[in-house]
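Below is one structure; the comments refer to it alone.
All ligand and atom numbering here is 1-based and tracks the order in the structure. Values reported hereafter were calculated over all heavy atoms of this structure, with side chains retained and with hydrogens, waters and symmetry mates removed. Treat the numbers as computed from the prediction; the structure is a model and nothing was measured.
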Amino acid sequence: MYQKFNRRLDGQTALVTGSSSGIGSAVALALAKEGANVIVNYSRDEEGANKIVASINNDNEAGSAIALRADVSKEDQVQEMFRQSIAHFGTIDILVNNAGLQNDAAIQDMTLAEWQLVIDINLTGQFLCSREAVREFLKRGPRPEVSVATGKIICMSSVHEVIPWGGHINYAASKGGVMMLMKSMAQELGPKKIRINSIAPGAIKTPINKEAWDTPEAEKELLKLIPYNRVGETSDIGSIAAWLASDESDYIHGTTIFVDGGMTLYPGFYGNG
Ligand code: NAD
């Protein structure tokens, strides 16, 4: 896929949660290509994280990278990750709240633990990381030499912040929550020049949804939901994240950018009714 890099994030540091795989790793690579230093957060997959770090550090034109383990749903681990990140790179300019998972069940079968796990990681994790980032942005103040904004937060949401998703109520509720977390933080922190937005991917080929695209039959079914008629690639999200973190998008604040090939156009209604 064609991607153009313009070193739009030179001198900045970005923390990308859950970036040892999938969308997060593509975002980490795209931000690094723009010149940012990157903290590759992971919870279990140390090998995956180290691979992303190596590919960034082996690229002479990219920023530099380190891997840090932390479970984003655990307050003490998140605080320690921020402490180590700031000790290593001096500050943080960009947070990408990407870590997330699904744990699906029909409501009558869903345990409290299955509900809670998804809410804790997908929603509370975004709160905990955002709070630490905001504390750092407010403490250090503006850095006009690298960006117009004092800090930037990108929340990885989903088309399911607006499309209801039976069989996945914990996931849809977490992403609906992310939408209002993002908008409320944006309202609160805009006056402090902290710029906050979400990206809502549609169907992107990653481990989270492999069964939805890894056979021709499954992919054909999935394409019925995508007017633009292709399943998304992780680089589709990486390029949008790089732009959204850069000053080129400085007047975009408190918005969700849907990157979904038209999934939110509800194609099932085409020609119907
Ligand atoms: P993925 O499974 O490859 O990535 C999720 C990442 O989050 C993994 O690296 C995982 O290790 C990490 N993670 C899980 N629990 C964690 C925790 N407690 N602490 C830290 N990291 C943790 O799947 P993905 O598709 O790349 O998902 C990334 C984000 O994109 C998620 O928030 C997901 O909801 C969102 N999303 C994905 C799609 C899609 O079609 N793939 C669509 C909409 C939204």
Distance-only donor-acceptor check, side chains Asn98 and Ser19, under 3.5 Å
no
Verify whether one side chain among Glu34 and Ser246 offers a donor that lies under 3.5 Å from an acceptor in the other.
no
Within the 4.0 Å heavy-atom cut-off around ligand 1, the contacting residues, ordered by chain and number, are Gly18, Ser20, Ser21, Gly22, Ile23, Asn41, Ser43, Ala70, Asp71, Val72, Asn98, Ala99, Gly100, Ile121, Met156, Ser157, Ser158, Tyr171, Lys175, Pro201, Gly202, Ala203, Ile204, Thr206, Pro207, Ile208, Asn209
Can you tell me which residue pairs pass the ring-ring contact (aromatic ring centres under 6.0 Å, His included) test with a partner in residues 71-97, sequence neighbours excluded?
none
Listed by chain and number, what are the side-chain contact (heavy atoms from CB on, under 4.5 Å) partners of Ala87, not counting sequence neighbours?
none
Is it true that Asp247 and Ser147 share a donor-acceptor pair across their side chains at a distance under 3.5 Å?
yes
Mind jotting down which residue pairs meet the salt bridge (charged side-chain N to carboxylate O under 4.0 Å, His left out) criterion with at least one end in residues 117-133? Sequence neighbours excluded, please.
Glu75-Arg131, Glu132-Arg135
